[in-house]
S.K.: 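My structure is below; once you've seen it, I'll send some questions.
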Amino acid sequence: MLRSGFVSILGRPNSGKSTLLNALVGEKVAIVTSKPQTTRTRIHGVVEVAAHKGKHPAAQIVFVDTPGVHKPGSWLDRRMMQEVHDALESRDVVLLMVDATRRLELPETGLQKEDAAGEQKKKPGGSEDAFVFQLIKKLDCPVFLLINKIDLVTKETLAPLIAQLSALHPFAEVFPISARKGDGLERLLEKLVEYLPEGQRYFPKDQYTDQPERFLVAELIRERILLETGEEVPYASAVVVERFEEPEADVTPVRGRQANKLPVTRISAAIYCERDGQKAILIGKGGSKLREIGTHARREIEALLGTRVYLELHVLVREHWRDSRVFIESLDWRRQLEDLTQKEVE
C-alpha cells in the first residue's frame, strides 16, 4: 500500500516556508533569503517516505511552497496571491506556518505592532494575519499549525502562543518546529502520512521537483540579486533565461570528476528592472556588481547541474513590468516550457 497526496505550505512572508520545503526534500528546491516575498510562484518538492513497520506505510508527499500571503498591490502581487489560491484548491492537507518570533496581528484584535511612540493603531481593512486565517476558514481539508523558529524563542512563550492560535481555528495537528535546524520534521512527516489517502506516485521515485533546470537557474540568479542588492531593487528585478545550451549528449556529468574536465553548460540570462537607476545599481561601477552576482550564481548553478557553467548576464529596463499582466505571465516557467515545446515542434 502506498499513500500519496499534495500538501500546501501557507503563511506570511518570511515565516520559513521555503526553508521548510528544502529541509523536507533534502535538496535546494526553493531559494531562501531574509527578504519578504522571495518566492513568487508555486514550487513543488517531492518527498519519498519509507514504510515504517507498525507505524505507517510508504508514501509520496508532494509539498507545494507558495508565495507569502499579503494584500496585493501590483499585478505581480495579484499573480502571487493567485498562486496561493491555486495551491489551496488542489491539496489534501494544508500547513499553516507561523513565525514564533514575530508579533502577530490576530483577527480578534486587528492591531498593528507598536509605533515609535509605543502606541498601537488599528490596521485599515484588517491585518494580513487576519487575512491568512480567513483563507484557512474556507478550507475543507485538515490544516496543521506549524509554529516555526522555536529555536529562537523561549519555551515559556510557546504554550500561550499555541493556545492563542488554536482558539482561532480547529487545527488537526499542532507542531512546534525549527525548519532551519530540522527539529520536529520527522514527526511531521509521520503524521502527514496518516492523513494522506491511498494512491499512486505522482512523480518518479527519484524526482524531487517538477521544476525544469532553466527555472531553477533563473531562481538562483534572482537569489543572488536579492542577497547582493538593497532598497527596492530586489523586488523590481526579474530574471529570464534566454539561452540554455546543455553539453553534448554523449558527455555525461560525473560528480567527482576533475573540474577542468567537466562538460560546459552555456547560459545567457536577462535581468529586468524598472528604472535606469536600478540598472546602474545592478551593474555597479565598471560592471563590478553584475560580475559579483554572476560569480556567486555560477557556483550555485554548477553545483546544481554538475557541470562547468559559462554564464552571461545583461540588464534590461522595462518600466512598470510589475503591473504588466503580459510580461508577468511570460515569467511563469510553465508558460516558458510550453513556448519552448512549441518552438521545437515548429
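Computed from a predicted structure; not experimentally measured.
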S.K.: Are the side chains of Phe215 and Val241 in touch, meaning some heavy atoms are under 4.5 Å apart?
M.R.: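 A side-chain contact under 4.5 Å is absent here.
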S.K.: Are any of the side-chain nitrogens in Arg224 or Glu219 under 4.0 Å away from the carboxylate oxygens of its partner?
M.R.: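 Salt bridge: no.
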S.K.: To which residues is Val317 joined in a hydrophobic cluster, defined by side-chain heavy-atom contacts under 4.5 Å among Ile, Leu, Val, Met, Phe, Trp and Tyr, whether direct or through other members?
M.R.: none
S.K.: With a 4.5 Å heavy-atom cut-off, do Glu246 and Thr307 have their side chains touching?
M.R.: no
S.K.: Hey, does Tyr208 have a side-chain heavy atom less than 4.5 Å from the side chain of Val29?
M.R.: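 Yes - at least one pair of side-chain heavy atoms lies under 4.5 Å apart.
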S.K.: Applying the side-chain hydrogen bond (donor to acceptor under 3.5 Å, both in side chains) test to Lys149, which of Thr101, Thr19, Asp99 qualifies?
M.R.: Asp99
S.K.: For Arg243, does the CZ atom have more than 12 heavy-atom neighbours from other residues, nucleotides or ligands under 6.0 Å away?
M.R.: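 Enclosed: over 12 neighbouring heavy atoms sit under 6.0 Å from CZ of Arg243.
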S.K.: Let's go through Asn22 and Leu24 carefully: what are the C-alpha distance in whole Å and the side-chain angles of both, what is the deciding distance for side chain to side chain contact (heavy atoms under 4.5 Å, CB included) to 0.1 Å, and is it a yes or a no?
M.R.: CA-CA 6 Å; Asn22 291 341; Leu24 291 169; over 6 Å; no
S.K.: Would Phe144 and Val93 satisfy side chain to side chain contact (heavy atoms under 4.5 Å, CB included), going step by step from the backbone distance to the final call?
M.R.: CA-CA 8 Å; Phe144 288 16; Val93 179; 4.0 Å; yes
S.K.: Please tell me whether Leu227 and Ile283 are part of a single hydrophobic cluster in this structure, the criterion being side-chain heavy atoms less than 4.5 Å apart.
M.R.: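 As far as the 4.5 Å side-chain criterion goes, Ile283 and Leu227 are not connected within one cluster.
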S.K.: List, by chain and then residue number, the residues other than Leu2 in its hydrophobic cluster (Ile/Leu/Val/Met/Phe/Trp/Tyr, side-chain heavy atoms under 4.5 Å); write none if there are no others.
M.R.: none
S.K.: Mind jotting down which residue pairs meet the salt bridge (Lys or Arg N to Asp or Glu O under 4.0 Å) criterion with at least one end in residues 197-206? Sequence neighbours excluded, please.
M.R.: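 As it turns out, the salt bridge (Lys or Arg N to Asp or Glu O under 4.0 Å) pairs with a partner in residues 197-206, which skip direct neighbours, are Glu48-Arg201.
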S.K.: Donor-acceptor pairs under 3.5 angstrom involving side-chain atoms of residues 177-189: please list them, not counting sequence neighbours.
M.R.:
| residue | atom | partner | partner atom | Å |
| --- | --- | --- | --- | --- |
| Ser178 | OG | Asp151 | OD1 | 3.0 |
| Ser178 | OG | Lys181 | N | 3.2 |
| Arg180 | NH2 | Asp151 | OD2 | 2.6 |

S.K.: Do side-chain atoms of Arg266 reach the backbone of Val309 as a donor and acceptor pair under 3.5 angstrom?
M.R.: no
S.K.: With the side chain counted from C-beta on, respond yes when Leu220 and Lys28 share a heavy-atom pair under 4.5 Å apart, and no when they do not.
M.R.: yes
S.K.: Indicate yes or no: does Glu194 engage Arg3 in a salt bridge with an N to O separation below 4.0 Å.
M.R.: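 No, this pair does not count.
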S.K.: Check whether Thr66 reaches the backbone of Ile9 with its side chain - one donor and one acceptor, N or O, closer than 3.5 Å.
M.R.: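 Flag set: sc Thr66 to bb Ile9 pair under 3.5 Å.
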S.K.: Between Val193 and Pro57, is there a side-chain heavy-atom distance shorter than 4.5 Å?
M.R.: yes
S.K.: Got Leu95 and Leu10 here, is their nearest side-chain heavy-atom distance under 4.5 Å?
M.R.: no
S.K.: Hey, are Gln207 and His44 close enough side-chain-wise for a donor-acceptor pair under 3.5 Å?
M.R.: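 There is no such pair (donor and acceptor under 3.5 Å, judged by atom type) between the side chains of His44 and Gln207.
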S.K.: Do Thr209 and Phe63 have side chains that get closer than 4.5 Å, going by heavy atoms?
M.R.: no
S.K.: Do the charged groups of Lys289 and Glu292 touch, with an N to O distance under 4.0 Å?
M.R.: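 Salt bridge between Lys289 and Glu292, a charged N being under 4.0 Å from a carboxylate O: yes.
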S.K.: Let's go through Leu311 and Ile301 carefully: what are the C-alpha distance in whole Å and the side-chain angles of both, what is the deciding distance for side chain to side chain contact (heavy atoms under 4.5 Å, CB included) to 0.1 Å, and is it a yes or a no?
M.R.: CA-CA 9 Å; Leu311 178 62; Ile301 297 167; 4.2 Å; yes
S.K.: Is Glu89 paired with Arg91 through a side-chain N to carboxylate O contact shorter than 4.0 Å?
M.R.: no
S.K.: Are Cys273 and Leu282 close enough, and set up right, to give a side chain to side chain contact (heavy atoms under 4.5 Å, CB included), and what steps lead you there?
M.R.: CA-CA 9 Å; Cys273 59; Leu282 284 163; 4.0 Å; yes
S.K.: Within the side chain of Thr229, is there an N or O that forms a donor-acceptor pair under 3.5 Å with the backbone of Ile225?
M.R.: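 Side chain of Thr229 to backbone of Ile225, a donor-acceptor pair under 3.5 Å: yes, one is there.
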S.K.: Let me know which of Leu146, Ile136, Ile162 forms a side-chain contact (heavy atoms from CB on, under 4.5 Å) with Phe171.
M.R.: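 Passing option: Ile136.
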S.K.: Looking at Thr157 and Val153, would you say the former's side chain and the latter's main chain have a donor-acceptor pair under 3.5 Å?
M.R.: no
S.K.: Once rounded to the nearest 0.5 Å, what's the spacing between atom CG of Leu76 and atom CZ of Arg79?
M.R.: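 Rounded to the nearest 0.5 Å, the CG-CZ separation comes out at 10.0 Å.
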S.K.: So among Asp129, Asn14, Asn148, which one has a side-chain hydrogen bond (donor to acceptor under 3.5 Å, both in side chains) with Arg102?
M.R.: Asp129
S.K.: Membership question, hydrophobic clusters at under 4.5 Å side-chain separation (ILVMFWY): are Leu145 and Leu152 in the same one?
M.R.: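 Different clusters: Leu152 never reaches Leu145 through Ile, Leu, Val, Met, Phe, Trp or Tyr contacts under 4.5 Å.
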S.K.: Treating Ser15 as the side-chain partner and Arg12 as the backbone partner, does any N or O pair qualify as donor plus acceptor under 3.5 Å?
M.R.: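 Yes: the side chain of Ser15 pairs with the backbone of Arg12.
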S.K.: When rounded to the nearest 0.5 angstrom, what distance separates CZ in Arg298 from CD in Glu312?
M.R.: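 If I round to the nearest 0.5 Å, the distance is 14.0 Å.
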S.K.: Should the heavy atoms of other residues, nucleotides or ligands under 6.0 Å from NE2 of His52 be counted, would the total exceed 12?
M.R.: no
S.K.: Hey, what else clusters with Tyr310 if you join Ile, Leu, Val, Met, Phe, Trp, Tyr whenever side-chain heavy atoms sit under 4.5 Å?
M.R.: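 Once heavy-atom contacts under 4.5 Å are chained together, Tyr310 belongs with Val264.
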S.K.: Under a 4.0 Å N-O cut-off, is there an ion pair linking Glu319 with Arg275?
M.R.: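 No.
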S.K.: With hydrophobic residues grouped by side-chain heavy-atom distances under 4.5 Å, do Leu158 and Val98 end up in a single group?
M.R.: yes
S.K.: Are Val32 and Leu216 connected into the same hydrophobic cluster when the rule is that any two of I, L, V, M, F, W, Y join if their side-chain heavy atoms are below 4.5 Å apart?
M.R.: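 No, because Leu216 and Val32 fall into different hydrophobic clusters, even though each may have its own neighbours under 4.5 Å.
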S.K.: Could you state whether Leu331 and Leu316 fall into the same hydrophobic cluster, counting links through intermediate Ile, Leu, Val, Met, Phe, Trp or Tyr residues with side-chain heavy atoms under 4.5 angstrom apart?
M.R.: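 Leu331 clusters together with Leu316.
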S.K.: Does a side-chain heavy-atom distance below 4.5 Å link Tyr195 with Asp92?
M.R.: no
S.K.: May I ask you to check whether Tyr272 and Trp321 place their ring centres under 6.0 Å from each other?
M.R.: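 When the ring centroids of Trp321 and Tyr272 are compared, they turn out to be at least 6.0 Å apart.
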S.K.: Linking Ile, Leu, Val, Met, Phe, Trp and Tyr by side-chain heavy atoms under 4.5 Å, what else ends up with Val64?
M.R.: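 For the cluster that includes Val64, the remaining residues are Phe6, Val46, Val62, Tyr202, Phe203.
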S.K.: Determine yes or no for a side-chain-to-main-chain donor-acceptor pair under 3.5 angstrom, with Glu274 supplying the side chain and Arg322 the backbone.
M.R.: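 Yes; at least one donor-acceptor contact below 3.5 Å.
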S.K.: Return yes if a side-chain donor-acceptor contact under 3.5 Å exists between Glu232 and Gln278, otherwise no.
M.R.: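 On atom types as modelled, these side chains qualify, holding a pair under 3.5 Å.
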